[in-house]
Amino acid sequence: GVGSSLHYLVLRDGAHVLGNPMRINTRVLYPYFAVCGNEPSSFDSPLVLTGAGAVNREFQLRVANVTGDDKGDFFLNGRITDFNATLTNTVIRKLGAGTVQMGGEARHHGPVRIEAGAWRLGKSGVTCANPAIPTVISLCGGKLVAAAGTPSASRLIEMLVQSAVMFAV
């Protein structure tokens, strides 16, 4: 089942979240996780995206560059899923100069919009949902980085406004 429901969460100075699944309730205006401080933080619980009929579902990841370089600032290691088959269009919007290191499975069906910083597919074995579902990754000034051994999926990557896609060899 789904555990607690969140609207806002601030992770500071190496905070680590682990445990039951967390439901991100997108019925509120722009729920978010914010990462700040001087050390990278991590979220290892499964995330369940739900909007319960909201017209514009959006979940923001506001990640500061806490490491001062291009290393991971926020490690997102839990599986991301939709609440059910009818609530599948939540946009994950990446904001801030920091890097999200995605170590879990992205099984939600909504798009990912990277507006600043970087979204790194961080380890071998990271998988995406059914490739027939047209999840879109939009780069609007940010970077998408794939570590060596990251499997490819048939996803649409939109390149907008000074963006970059980087693949390790």
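Proximity of Ile80 to Met102: side-chain heavy atoms (C-beta onward) are separated by under 4.5 Å at one or more points. Within the 4.5 Å cutoff, side-chain heavy atoms of Thr67 are placed close to those of Pro40.
For the atom pair OH of Tyr32 and CG of Leu9, the computed distance is 9.0 Å after rounding to the nearest 0.5 Å. Taking CD1 of Ile92 as the reference point, atom CD1 of Ile24 lies at 9.0 Å (rounded to 0.5 Å). Separation of atoms CD (Glu58) and OH (Tyr30) is listed at 5.5 Å; rounding is to 0.5 Å. Separating the CZ atom in Arg93 from the CG atom in Leu61 is a distance of 11.5 Å, to the nearest 0.5 Å. The distance from atom NE2 of His16 to atom CZ of Phe43, rounded to the nearest 0.5 Å, is 10.0 Å.
Val91 and Ile114 are members of different hydrophobic clusters when ILVMFWY side chains are connected at heavy-atom separations under 4.5 Å. By the criterion of side-chain heavy atoms lying less than 4.5 angstrom apart, applied directly or through intervening Ile, Leu, Val, Met, Phe, Trp or Tyr residues, Leu95 is not grouped with Leu47; the two fall into different hydrophobic clusters. Linking ILVMFWY side-chain heavy atoms closer than 4.5 Å, directly or via other members, places Met22 and Leu49 in a single hydrophobic cluster.
What you find for Phe83 and Val48 is that their closest heavy atoms are CA-CG1, 3.6 Å. Ser41 and Gly14 make their closest contact through OG-N, 3.5 Å (heavy atoms, listed as atom of the first residue, atom of the second, distance). What you find for Phe74 and Ser42 is that their closest heavy atoms are CE1-C, 4.1 Å. Closest approach of Ala15 and Leu11 over heavy atoms only: CB-CD2, 3.8 Å.
Between the side chain of Ser45 and the main chain of Gly19, a donor-acceptor pair closer than 3.5 Å is present. Without hydrogens or angle criteria, Arg120 side chain to Asp70 main chain gives a donor-acceptor distance under 3.5 Å. Within the 3.5 Å criterion, the main-chain N or O of Val66 finds a donor-acceptor partner in the side chain of Asp73. Of the possible donor and acceptor atoms, none in the side chain of Lys94 sits under 3.5 Å from a partner among the backbone N and O of Arg62. Looking at Asn38, its side chain never comes within 3.5 Å of a backbone N or O of Asp13 through a donor-acceptor pair.
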